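Sharing a structure below in structure tokens format, with a few things to ask.
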There are 2 protein chains.
Amino acid sequence: MAEEIGDRAQRLLKVLVESYIRSGQPVGSRTLARDSGLDLSAATVRNAMADLEELGMVSSPHTSAGRIPTNRGYRMFVDSLLTVKPLSEREILAMNGQIGSEGTGQEFAASVSEYLSEMTEMAGMVMIPRTAKRSSLRHIEFMPLSDRRILAILVINEKDVQNTVIKVDRQYSTAELQQAANYLNSELVGQELYDVRHHILKELRETKDGLEQMMQQAITMAEQVFEQPGSKPDRDDFVLSGQTRLMGFEELSNIEKLRGLFEAFNEKQGILQLLDQCLDGDGVQIFIGDESGYSVLDECSMVTSSYHVDGEVLGILGVIGPTRMAYERVIPIVDVTAKMVSAALAQSK
Amino acid sequence: MAEEIGDRAQRLLKVLVESYIRSGQPVGSRTLARDSGLDLSAATVRNAMADLEELGMVSSPHTSAGRIPTNRGYRMFVDSLLTVKPLSEREILAMNGQIGSEGTGQEFAASVSEYLSEMTEMAGMVMIPRTAKRSSLRHIEFMPLSDRRILAILVINEKDVQNTVIKVDRQYSTAELQQAANYLNSELVGQELYDVRHHILKELRETKDGLEQMMQQAITMAEQVFEQPGSKPDRDDFVLSGQTRLMGFEELSNIEKLRGLFEAFNEKQGILQLLDQCLDGDGVQIFIGDESGYSVLDECSMVTSSYHVDGEVLGILGVIGPTRMAYERVIPIVDVTAKMVSAALAQSK
DNA sequence: TTTAGCACTCTAAGATTGCGAGTGCTAATT
DNA sequence: AATTAGCACTCGCAATCTTAGAGTGCTAAA
């Protein structure tokens with residue numbers, strides 16, 4: 001199956017994909033022969049195309065149209081044929097202006113996402129996974145609500161706030177809650193959320209024997225607070241911008257497809273799962289078409305990159321657009337943006 | 001201009017609109033004559049249609065198609081011709097099950113919005129205007145962030161939390177902020193937000209002469225906190241659900257229109273303004289097509305109603321869908337939902 | 001291995017046609 | 001005076017056909 005692909009065939013595939021990305025039209029043998037710079041006749045090209053078709057790299061919409069790349073063809077293209085063109089000085093400068101580390105993490109993520117969308121004219125996205133280790137707890141506080149519900153407020157990372165409502169077995173007075181919060185603050189402030197969730201609470205519980213009643217209850221509350229958001233990927237840590245730009249693309253002019261896509265955007269779930277997969281790899285990663293196994297993304301590709309500080313992955317950002325996109329431009333944009341974001345975060349640390 | 005419309009013409013208009021809403025097809029004179037139950041010939045109907053056309057109530061897409069209602073025709077229909085059909089017992093019961101007053105205000109609004117969307121198969125929306133008087137302050141708290149920024153946390157109404165970041169002239173210690181918060185709490189807790197914003201802070205400031213430095217600064221902070229969200233309608237108090245359902249309608253299969261609509265949904269601004277206008281009127285209100293002067297809503301109508309407790313308007317809810325919608329069904333749904341929500345809120349008060 | 005040549009296929013875009021639906025007008029009817 | 005029947009006419013839609021163009025696959029020659 002994995003037959004070798006000759007240099008010439010690769011060259012042809014490259015030119016074909018480039019041409020198709022530019023024009024959106026199937027590419028015929030004559031055009032290809034002319035544009036390839038290989039001094040071949042159309043007939044030879046035709047033979048080569050027959051081979052590529054057999055390998056599943058290209059296909060023709062019908063007998064007498066040219067060829068278009070298959071997902072597999074795109075894959076080979078981005079993996080080994082693509083020549084990216086780096087951003088110009090000017091563009092990088094412009095980006096520097098746009099991306100300031102103002103406001104809360106949410107706001108920052110939103111501005112980056114919008115930036116990506118604007119630059120690529122597709123949809124931009126930024127994810128801050130809850131598992132990001134780099135968020136340390138700054139303060140915790142409880143407040144009684146009606147009934148047996150308590151509002152827990154976490155301040156994270158000097159910037160972000162997260163509210164969680166938990167339910168408890170009985171009414172607690174403000175004073176009691178104050179006490180509980182004081183205890184937890186003394187134990188937990190300055191710790192990484194990740195550690196709190198996975199180690200510290202357990203340790204506390206194990207040594208609880210020596211503690212007062214109230215402290216034990218404090219631990220129980222804290223467990224609720226920290227467990228809850230971990231179970232379901234919370235929606236607030238994902239920002240998507242410029243979805244409507246996707247409506248402009250011909251390959252998505254099919255209302256049914258579009259609807260599926262937008263429903264997926266609303267759910268977020270599925271897309272988040274995909275992005276989770278990107279957390280491991282580093283550098284720019286690309287999903288082409290339904291490689292993801294996620295059928296609504298049929299005609300779409302995602303280009304993503306993680307961003308990090310001190311070697312720790314903090315999140316994923318990227319864009320989503322039609323499979324037929326200008327990869328050689330989109331890839332550096334995503335790449336550089338990720339680096340800029342990393343730098344901005346490192347600085348504001 | 002305002003010629004009288006005879007009883008018969010009204011009847012015909014009514015049947016025409018009903019028929020068009022059902023079928024989506026222009027209605028011809030023969031059909032109309034048959035369905036009207038008026039024992040008229042097609043020719044007579046034709047004359048009547050010519051009159052209605054002159055009055056701007058109907059129009060024909062082309063010479064030899066039937067007539068379709070204009071926006072003005074729809075307007076007359078919903079204003080004086082419509083016979084609503086009340087919901088069945090069963091449907092009301094089902095609604096009761098669906099609408100619980102669980103969770104925060106946000107969550108509640110979201111569930112209502114989704115309910116509306118499901119019932120009508122269009123998009124549902126719920127708005128909680130910031131000016132709602134019925135929200136009383138339960139607690140205020142300050143927390144230092146980096147730089148000179150302070151996080152203010154408001155707990156409102158036993159249920160909702162709102163975070164605001166304010167900027168101050170210098171660094172404050174936790175103890176100082178504690179003090180400021182204590183003071184503000186003693187003065188403000190239990191008051192209505194509306195009053196705080198419009199009266200109380202002013203009064204405090206006027207009597208400030210006798211106060212310590214710190215208290216004065218506390219007031220300044222509070223002013224920032226309470227003013228900020230009032231200036232721009234905050235986005236968090238508006239929930240829209242089921243937008244994608246709108247993609248199913250033929251009249252919105254035009255990608256351009258759809259895109260405009262979804263962009264409007266993302267901005268929210270424009271729609272919020274529209275909804276603001278509904279705050280005054282009571283009962284069910286209807287915007288037809290571009291009556292709103294908002295061109296992206298060209299082919300859409302909004303059906304809204306306010307909900308209230310103790311005679312105070314708390315917010316607006318409603319649906320948005322194609323102008324050609326089943327008003328006789330949608331109107332009671334929106335109406336009853338608003339009443340149920342009012343009841344649920346009154347109860348959980 | 002490459003190329004020229006050729007028959008063949010398929011689509012997209014126009015042109016042509018007929019049908020059905022519905023109109024407006026006029027003259028007859030009530 | 002209002003209503004109706006009758007009729008010529010208009011228009012859109014769908015079906016059918018045609019044509020031009022693009023591109024292919026195959027074969028045989030270079």
Side-chain angles (χ1 to χ4, degrees), chain A residues 3-13 15-17 19-20 22-70 73 250-251 253-254, chain B residues 3-13 15-17 19-20 22-70 73 250-251 253-254:
Chain A
E3 302 207 21
E4 215 49 41
I5 292 190
D7 280 359
R8 195 179 61 191
Q10 291 201 3
R11 169 103 206 185
L12 285 173
L13 180 57
V15 177
L16 182 141
V17 177
S19 169
Y20 180 68
R22 228 178 308 116
S23 70
Q25 298 299 319
V27 187
S29 54
R30 199 189 335 269
T31 328
L32 202 45
R34 179 165 30 78
D35 295 354
S36 70
L38 280 180
D39 199 29
L40 288 176
S41 78
T44 314
V45 172
R46 280 204 283 279
N47 289 329
M49 297 316 277
D51 297 347
L52 282 176
E53 182 150 10
E54 205 159 340
L55 290 170
M57 295 294 182
V58 299
S59 71
S60 43
H62 58 84
T63 343
S64 93
R67 301 299 209 295
I68 61 176
T70 61
E250 282 195 29
E251 42 268 79
S253 60
N254 174 345
Chain B
E3 302 207 21
E4 215 48 43
I5 290 190
D7 280 359
R8 195 178 61 189
Q10 292 202 3
R11 169 105 206 182
L12 285 173
L13 181 57
V15 177
L16 182 141
V17 176
S19 168
Y20 180 69
R22 228 178 308 115
S23 70
Q25 298 299 320
V27 187
S29 53
R30 200 191 331 269
T31 329
L32 201 46
R34 178 164 31 77
D35 295 355
S36 70
L38 281 180
D39 198 30
L40 289 176
S41 79
T44 314
V45 172
R46 280 204 282 281
N47 289 329
M49 296 315 277
D51 296 347
L52 282 176
E53 184 151 9
E54 205 159 341
L55 289 171
M57 295 294 180
V58 299
S59 72
S60 45
H62 56 85
T63 343
S64 94
R67 301 299 209 294
I68 61 176
T70 60
E250 282 194 31
E251 42 269 78
S253 61
N254 175 344

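None of the values given here were measured: they were computed from a predicted structure. Residue numbers start from 1 in every chain, and the chains themselves are labelled A, B, ... in the order their sequence lines are given, proteins ahead of strands.
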Inset, instruction - Specify the separation, in whole Å, of atom CD of B/Gln25 and atom C1' of D/dC11. - result: 15 Å
Inset, instruction - Check whether any side-chain nitrogen or oxygen of A/Arg67 sits under 4.0 Å from OP1 or OP2 of D/dG25, and answer yes or no. - result: yes
Inset, instruction - Write down the distance between CE (A/Met49) and C1' (D/dA22), rounded to a whole number of angstrom. - result: 15 Å
Inset, instruction - Taking only the side-chain nitrogens and oxygens of B/Arg46, find out if one of them lies under 4.0 Å from OP1 or OP2 of D/dA5. - result: no
Legend entry - Most 5' of B/Pro61 and B/Ala43 on DNA chain D, judged by nearest nucleotide: B/Ala43
Inset, instruction - With heavy atoms under 4.0 Å as the rule, sort B/Thr44 into base, sugar-phosphate or nothing. - result: base
Legend entry - Given C/dC6, C/dG22, C/dG24, the nucleotide with the shortest approach to the side chain of B/Thr31: C/dG22
Legend entry - Flag side-chain contact, heavy atom, 4.5 Å: B/Ile5 against B/Met57: yes
Inset, instruction - Go through C/dA4, C/dT11, D/dG25 for me and flag the one nearest to the A/Ser41 side chain. - result: C/dA4
Legend entry - Distance in angstrom units between B/Leu12 CG and D/dT3 C1', rounded: 14 Å
Inset, instruction - Mind listing the closest non-hydrogen atom pair of A/Arg67 and A/Ser60 along with its distance? - result: CD-CB, 3.8 Å
Legend entry - Separation of C/dT23 P from B/Leu16 CG (nearest whole Å): 10 Å
Legend entry - Expected output: side-chain A/Thr70 to main-chain A/Gly56 donor-acceptor under 3.5 Å: yes
Legend entry - No-H, no-angle donor-acceptor pair, A/Ser64 side chain to D/dA22 base, under 3.5 Å: yes
Inset, instruction - Kindly point out which of D/dT3, D/dT10, D/dA5 is positioned nearest to the side chain of B/Arg8? - result: D/dT3
Legend entry - Whole angstrom value for the distance that separates C1' of D/dT24 from CZ of A/Arg30: 11 Å
Inset, instruction - Measure the distance from CG on A/Leu38 to P on C/dT1 and round it to the nearest whole Å. - result: 17 Å
Inset, instruction - Have a look at B/Ala65 and say if it touches a base, only the backbone sugar-phosphate, or nothing, with a 4.0 Å heavy-atom cut-off. - result: sugar-phosphate
Legend entry - Closest to side chain of B/His62, choosing from D/dG12, D/dT4, D/dT24: D/dG12
Inset, instruction - Take atom CD1 of B/Ile68 and atom C1' of C/dG22, then tell me their distance rounded to the nearest Å. - result: 15 Å
Inset, instruction - Check for a donor-acceptor pair, side chain of B/Ser23 on one end and backbone N or O of B/Ser19 on the other, with a separation under 3.5 Å. - result: yes
Inset, instruction - When you get a sec, tell me which of D/dT10, D/dT4, C/dT23 is the closest nucleotide to the side chain of B/Thr63? - result: D/dT10
Inset, instruction - Return the value, rounded to whole Å, for the distance between atom CG of B/Asn47 and atom C1' of C/dT23. - result: 11 Å
Inset, instruction - Please report the shortest heavy-atom distance between A/Tyr20 and A/Val27, naming the atom on each side. - result: N-CG2, 4.0 Å
Legend entry - D/dT24 OP1/OP2 closer than 4.0 Å to side-chain N/O of A/Ser29: yes
